[in-house]
Asker: 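Have a look at the structure that comes next, please.
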Amino acid sequence: MPDGLDLSHPISVPDRPALEGLEQKWTDRWERGGVYRFDRTRGRETVYSIDTPPPTVSGSLHVGHVFSYTHTDIVARFQRMRGKAVFYPMGWDDNGLPTERRVQNYFGVRCDPSLPYEPAFVPPEKPGKQPIPVSRPNFIELCARLTAEDEKVFEHLWRYLGLSVDWSMTYATIDRRSQRISQLAFLRLLARGEAYQLEAPTLWDVDFRTAVAQAELEDREQPGAYHKIRFAKPEGGYLEVDTTRPELIPACVAIVAHPDDPRYQPLFGTDVITPIFGVRVPVKAHALADPDKGTGAAMICTFGDITDVTWWRELQLPVRAIIQANGAFKPVAWGAAGWESTDAPRAQQRYDELAGLSAAKARVKTVDMLRESGDLIGEPRPITHAVKFYEKGDRPLEIVTSRQWFIRTMEFRSRLLARGAELKWHPAYMQTRLENWINGLNGDWCVSRQRFFGVPFPVWYKVRDDGSVDHDGRLVPDESRLPIDPSTDVPDGYGAGQRDQPGGFTGDKDVMDTWATSSLSPQIAGRWEEDPDLFARVFPMDVRPQAHDIIRTWLFSTILRSELEHGTLPWRNAAISGWVLDPDRKKMSKSKGNVVTPMGLLEEHGSDGVRYWAASGRPGTDTAFDTGQMKVGRRLAIKLLNASKFVLANPEPHGPVTTAVDKGLLTALARIVRESTADLESYNYTRVLERTETFFWSFCDDYLELVKGRRYGDQGAEPAASANGALLASLDVMLRLFAPFLPFVTDEVWSWWRPGTIHTAAWPSAGDLQHEDDAEGVAALEFAAGVLGAIRKKKSEEQRPMKTPVARAVISAPQAQLHLLPLVEQDLRASGLIREIETVVAETFAVHVELAP
RNA sequence: GGGCGGUUAGCUCAGUUGGUAGAGCACCGGCUUUACACGCCGGCUGUCACAGGUUCGAGUCCUGUACCGCCCACCA
């Protein structure tokens, strides 16, 4: 018997072990026992901390969540068994637009930041037709109320799935702590000059009426059309330009072509005149102009796309903006400064037809005008092209000049790339995604949003005596006041009556981009600047688990914030999960209507069964949704119950492992333990489950069959004790290897014979099994299994019952193998019911079997 | 346009320094074998996408091509 396997705990095995009810039973026991509570007395070196992704509570959970959160849990459980104090908090993402929309509809309210807080506000029973305006603090209270319900549902599912989260460490991205930390970190950025405010062209969603960040863009294929239009040269003749956005002609400030393009070289430095509106615009040269696109000459408008912004900035062009925040064309007085025209009355008359229209409607009208004036060459040629959208938006983005907050990013790019290289990626190739993103950045991170629900910027501005806002006259609160809401709180030194009054103050109206808060998840979970003792024990964290689609947002922004605030990586490892694909290889998502509700799956296949399927998905690899694998997992769990029951049914006598096959079994398992430990440390959980499962299956099929008789005393007490010693030791280790994957069934079996919960038991080590590697034992076990297999095959071929005796077995094998026979002969005779065994020296292994009549 | 993955049995996927192709599922056949019929035993199944190259030897290394998926791009 190996040292340390204490069997003093009474053994108690149910008659009919079953999986049903294990989830409820064990989640309750784990909760009561505080099994997953973080032990905050432990130093950083014995802590394993996880920067858990906060799921969006206003959305619904789908099987993809179950999939990726299981991966994290497997690693968490492994580290806990390795003796680490696991810091595994759960966050809820209730910040941002999805929640804002949900709260509006659910309660029938609308946020109006100009209103004062009403402590006694109660929403109507039913939402009315007209939304009730409420203050921002009231709105946030309603959000907290609604999301609390969602969080309960999520928490129940997570517990049922078996996530070993410390539920005392939850946070929400809109709660006071998150607000405080977001504001605090912002003030620190501001103080260091790493956040700044600027009035500049910004990507803008005209429906949401807010700025959006580069990271929130997506391309969508849209039908469009090239319109060839002509610009008059003053000395006669025309210059032709292709555009997909003719409605922006009034916003045209220049024409651009490539400096080497001979067609346009003579025109550089001259002016041409825009059609319809008669505006003189210069022809400029710029290397970004592509001679092969359209006519090779492009219209620069303020602003049609991001390239326009680049040209506008680099060629130092004037602004002639026509699109307002709501997407409508703004009124323009033609002939006034900046709107000079060779024919101002005509321009005015034409433009008045466009004013107030959306871009799409203005385009139709403009095309009519161009056709009428003869400036449209030919007919529009329909094309399909990619257009930039806000990922949650319905209309193409516009570029609107507005005052926004930015976090400096561009100047830190090389530092961020270095951090990306320092981070250990699982899988490694995901690092490229971050590099691509950083190298493709074209501006600092715009973090302000013109929304109501979110973390407000903790800033007020002085109001001048003439009533105008002095944006340079910033007033910020002392850190001790945070969190604050500038729409209701008052800056130090001012009274509430001075709000929006000449000589008084006004609050910043914007809220932070949701990623501006999420990017601080390690600081929020670790309670930065609130509980420095805790923070020091968990930060930088060990791992950030997340999906690959948000590398450019969450992963990137978290590295940025950590670099700026702490000068360090926020975590050592990034474990990137793949997606769950439906059988048609499409990403599963709500919009495709192919989602499966996770709770139903857990109930049908058991949490261990679903986890088994999830564990088959390697880091970074998309995995097909497959209930077949869940069934296999469920079968494995049942098999574990039954095999354990068999092992534990007759544990006496047990003692030192002396028999060759027994030592071989333990040696083989010890090898698996070594490999598994190394694999789990590098996030290769998939292989660990595979290997352990394969071993377990041959343990059941071959080893158990082989030693069945001996353990009951066929060969005397000492061989029986050896078999039982090996059975118990290997069961003990196999259970612990399976524990991170199948937490319910393993703890159930553990409770039959071992003290405490398996989830705080030590991760197995090779030393638990044997003192030295016994290669001969391994060979003997393989040899015996080979003979047994040949006999089974014969019986199967002959369609005879397995209990049919073997009259004679002739084993052909190399001498080296035949030498092993004496080590296993008695086990073989007993399990194979073999009467006579002969051996023949041969090059290859073969068994000739003659069954008894 | 740039980049990253992938392409192995009907399906889902392993295949770790190059050495005669693997697992599970599915399918077929068999077996009451006192841990398990939610079981057990056995069987069938492959031009490893394609074309070159390196090598005694390539699923594995190199080059190129095709297709699938994803990420990114300054898409007039």
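This is a predicted model, so every value here is computed, not measured. Below, chains carry the letters A, B, ... as their sequence lines are ordered, and counting in each starts from 1.
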Asker: Stems in RNA chain B: runs of 3 or more consecutive Watson-Crick or G-U pairs, distances under 3.5 Å?
Answerer: B:1-7 with B:66-72, B:10-13 with B:22-25, B:27-31 with B:39-43, B:49-53 with B:61-65

Asker: Return the nearest nucleotide to the side chain of A:Pro801; candidates are B:rC38, B:rA76, B:rU33.
Answerer: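 Output: B:rU33.
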
Asker: Listed by chain and number, what are the side-chain hydrogen bond (donor to acceptor under 3.5 Å, both in side chains) partners of A:Glu435, not counting sequence neighbours?
Answerer: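 Checked A:Glu435 against side-chain hydrogen bond (donor to acceptor under 3.5 Å, both in side chains); matches are A:Gln431.
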
Asker: Starting from P on B:rC4, measure out to CH2 on A:Trp425 and report it in whole angstrom.
Answerer: 15 Å

Asker: Looking at A:Trp752, I'd like to know if the NZ or CZ of A:Lys645 sits under 6.0 Å from its six-membered ring centre while staying within 45 degrees of the ring's axis.
Answerer: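 Here A:Lys645 fails the 6.0 Å and 45° test against A:Trp752.
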
Asker: Consider the side chain of A:Arg618, meaning its heavy atoms from C-beta on, and name the nucleotide among B:rA76, B:rC40, B:rG15 that approaches it most closely.
Answerer: B:rG15

Asker: Kindly write out the residues that satisfy salt bridge (charged side-chain N to carboxylate O under 4.0 Å, His left out) with A:Asp260, not counting sequence neighbours, or none if the list is empty.
Answerer: none

Asker: Under the side-chain hydrogen bond (donor to acceptor under 3.5 Å, both in side chains) test, which residues partner A:His258, sequence neighbours left out?
Answerer: none

Asker: For A:Trp554, is the NZ or CZ atom of A:Arg544 found under 6.0 angstrom from the centre of its six-membered ring and inside 45 degrees of the ring axis?
Answerer: yes

Asker: Can you check whether A:Leu239 reaches A:Tyr264 side chain to side chain, under 4.5 Å on heavy atoms?
Answerer: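 Side-chain contact under 4.5 Å: yes.
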
Asker: Choose from B:rC40, B:rA35, B:rC71 the nucleotide whose nearest atom is closest to any side-chain atom of A:Lys645.
Answerer: B:rA35

Asker: When we call it a touch if two heavy atoms are under 4.0 Å apart, what does A:Thr243 touch: a base, just sugar-phosphate, or nothing?
Answerer: sugar-phosphate

Asker: Reading RNA chain B from 5' onward, which residue's closest nucleotide shows up sooner: A:Glu798 or A:Thr295?
Answerer: A:Glu798

Asker: For B:rA23 and B:rG43, measure between their P atoms and round to the nearest Å.
Answerer: 10 Å

Asker: Pick the P atom in B:rC70 and in B:rA58, then give their distance to the nearest Å.
Answerer: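 It works out to 35 Å between them.
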
Asker: Check A:Arg245 with A:Glu398, please: is the shortest side-chain N to carboxylate O separation under 4.0 Å?
Answerer: yes

Asker: Check whether the side chain of A:Lys795 and the base of B:rC41 form a donor-acceptor pair under 3.5 Å.
Answerer: no

Asker: Touch check for A:Gln214, heavy atoms < 4.0 angstrom, all strands: base, sugar-phosphate only, or nothing?
Answerer: sugar-phosphate

Asker: Using the test salt bridge (charged side-chain N to carboxylate O under 4.0 Å, His left out), find all partners of A:Asp626 that sit at least two apart in sequence or belong to another chain.
Answerer: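 For A:Asp626 there are no salt bridge (charged side-chain N to carboxylate O under 4.0 Å, His left out) partners, ignoring immediate neighbours.
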
Asker: On RNA chain B, check which nucleotide each of A:Asp290 and A:Asn642 is closest to and give me the residue with the more 5' one.
Answerer: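 Residue closer to the 5' terminus by nearest nucleotide: A:Asn642.
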
Asker: Can you figure out which of B:rC41, B:rU12, B:rA76 approaches the side chain of A:Ala624 most closely?
Answerer: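 Shortest atom-to-atom distance from the side chain points to B:rU12.
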
Asker: How close or far is atom C1' of B:rA73 from atom CZ of A:Arg552, stated in whole angstroms?
Answerer: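 Rounding to the nearest Å, CZ of A:Arg552 and C1' of B:rA73 are 12 Å apart.
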
Asker: Once each nucleotide of nucleotides 17-29 of chain B is scored for protein heavy atoms under 4.0 Å, what B/S/- sequence comes out, 5' to 3'?
Answerer: -------SS---B

Asker: When you measure from the side-chain N and O atoms of A:His548 to the phosphate of B:rC4, is any distance below 4.0 Å, counting only OP1 and OP2?
Answerer: no

Asker: Counting just side-chain N and O atoms, does A:Lys639 come under 4.0 Å of either OP1 or OP2 of B:rC40?
Answerer: yes

Asker: Counting the atoms with a prime plus P, OP1 and OP2 as sugar-phosphate, which does A:Ala18 contact under 4.0 Å by heavy atoms, base, sugar-phosphate, or nothing?
Answerer: nothing

Asker: I need the CZ-P distance between A:Phe303 and B:rA76, as an integer number of Å.
Answerer: 18 Å

Asker: State which of B:rA35, B:rU16, B:rA73 makes the closest approach to the side chain of A:Arg687.
Answerer: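 My answer, after comparing the listed nucleotides, is B:rU16.
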
Asker: Please list, chain by chain and in numerical order, all residues satisfying salt bridge (charged side-chain N to carboxylate O under 4.0 Å, His left out) with A:Lys388, sequence neighbours excluded.
Answerer: A:Asp219

Asker: Show me the pairs that pass side chain to side chain donor-acceptor pair (under 3.5 Å) and involve residues 293-304 of chain A, at least two apart or across chains.
Answerer: none

Asker: Whole angstrom is fine here: how far is it from CG in A:Asp702 over to P in B:rC40?
Answerer: 13 Å

Asker: Using a 4.0 Å heavy-atom cut-off, does A:Ala649 contact any base of the nucleic acid, only the sugar-phosphate backbone, or nothing at all?
Answerer: nothing

Asker: Any base atoms under 4.0 Å from A:Ile300, or only sugar-phosphate, or nothing? Heavy atoms, all strands.
Answerer: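 No contact.
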
Asker: With respect to the side chain of A:Glu690, which nucleotide from B:rU33, B:rA14, B:rA35 is positioned closest?
Answerer: B:rA14

Asker: Which part of the nucleic acid does A:Asp219 contact within heavy-atom distance under 4.0 Å: base, sugar-phosphate only, or nothing?
Answerer: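 Base contact.
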
Asker: At 4.0 Å (heavy atoms only), tell me whether A:Asp308 reaches a base, stays on the sugar-phosphate, or touches nothing.
Answerer: nothing

Asker: I'd like to know whether the aromatic ring centres of A:Trp579 and A:Phe67 sit less than 6.0 Å apart in this structure.
Answerer: no

Asker: A:Phe646 ring centre to A:Arg711 NZ or CZ under 6.0 Å, with the angle to the axis within 45°?
Answerer: yes

Asker: Could you check whether any side-chain N or O of A:Gln265 sits under 3.5 Å from a backbone N or O of A:Pro259, counting only pairs where one atom can act as donor and the other as acceptor?
Answerer: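 Confirmed, A:Gln265 side chain pairs with A:Pro259 backbone.
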
Asker: Within the 4.0 Å heavy-atom criterion, would you say A:Lys228 contacts the bases, only the backbone, or no part of the nucleic acid?
Answerer: nothing

Asker: Once you round it to whole Å, what is the distance between P of B:rA35 and CD1 of A:Ile11?
Answerer: 17 Å

Asker: Taking the P atom of each, how far is B:rA66 from B:rA9, in whole Å?
Answerer: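 After rounding to an integer number of Å, I get 23 Å for this pair.
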
Asker: Less than 3.5 Å apart, which donor and acceptor atoms pair up between the side chains of residues 843-853 of chain A and the rest of the protein, not counting sequence neighbours?
Answerer:
residue	atom	partner	partner atom	Å
A:His848	NE2	A:Glu850	OE2	3.1
A:Glu850	OE1	A:Arg808	NE	3.4
A:Glu850	OE2	A:Arg808	NE	3.4
A:Glu850	OE2	A:Arg808	NH2	3.0

Asker: Between B:rC48 and B:rU7, how far apart are the P atoms? Round to whole Å, please.
Answerer: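 Each nucleotide's P atom is 14 Å from the other's.
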
Asker: Say we look at B:rC40 and B:rG46: how far apart would their C1' atoms be, to the nearest angstrom?
Answerer: 28 Å

Asker: Using a heavy-atom cut-off of under 4.0 Å over every strand shown, decide if A:Lys293 touches base, sugar-phosphate, or nothing.
Answerer: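 A:Lys293: base contact, heavy atoms under 4.0 Å.
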
Asker: Quick one: is A:Lys708 getting a side-chain N or O under 4.0 Å of the B:rA35 phosphate, OP1 or OP2?
Answerer: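 Yes, within the criterion.
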
Asker: Quick check on contacts: within residues 427-437 of chain A, what sits under 4.0 Å from RNA chain B by heavy-atom distance?
Answerer: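 Heavy-atom cutoff 4.0 Å gives A:Tyr429, A:Thr432, A:Arg433, A:Asn436, A:Trp437.
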
Asker: Taking only residues two or more places apart in sequence or in another chain, which ones pass salt bridge (charged side-chain N to carboxylate O under 4.0 Å, His left out) with A:Asp702?
Answerer: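 By the salt bridge (charged side-chain N to carboxylate O under 4.0 Å, His left out) rule, A:Asp702 matches A:Arg792.
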
Asker: Are any of the side-chain heavy atoms of A:Trp613 and A:His605 separated by less than 4.5 Å?
Answerer: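 Sidechains of A:His605 and A:Trp613: no contact.
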
Asker: Report the distance from atom CG of A:Asn724 to atom P of B:rA35, rounded to the nearest whole Å.
Answerer: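 Going from CG in A:Asn724 over to P in B:rA35 covers 14 Å.
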
Asker: Would you call A:Glu705-A:Lys708 a salt bridge at under 4.0 Å N-O?
Answerer: yes

Asker: Write out a two-atom table: protein N or O, nucleotide N or O from nucleotides 7-9 of chain B, distance below 3.5 Å.
Answerer:
none

Asker: Return no unless some side-chain N or O of A:Arg792 is found under 4.0 Å from OP1 or OP2 of B:rG42.
Answerer: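 A:Arg792 to B:rG42 OP1/OP2: side-chain N or O found under 4.0 Å.
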
Asker: Starting at atom CZ of A:Arg711, determine the distance to atom P of B:rU34, rounded to an integer number of angstrom.
Answerer: 15 Å

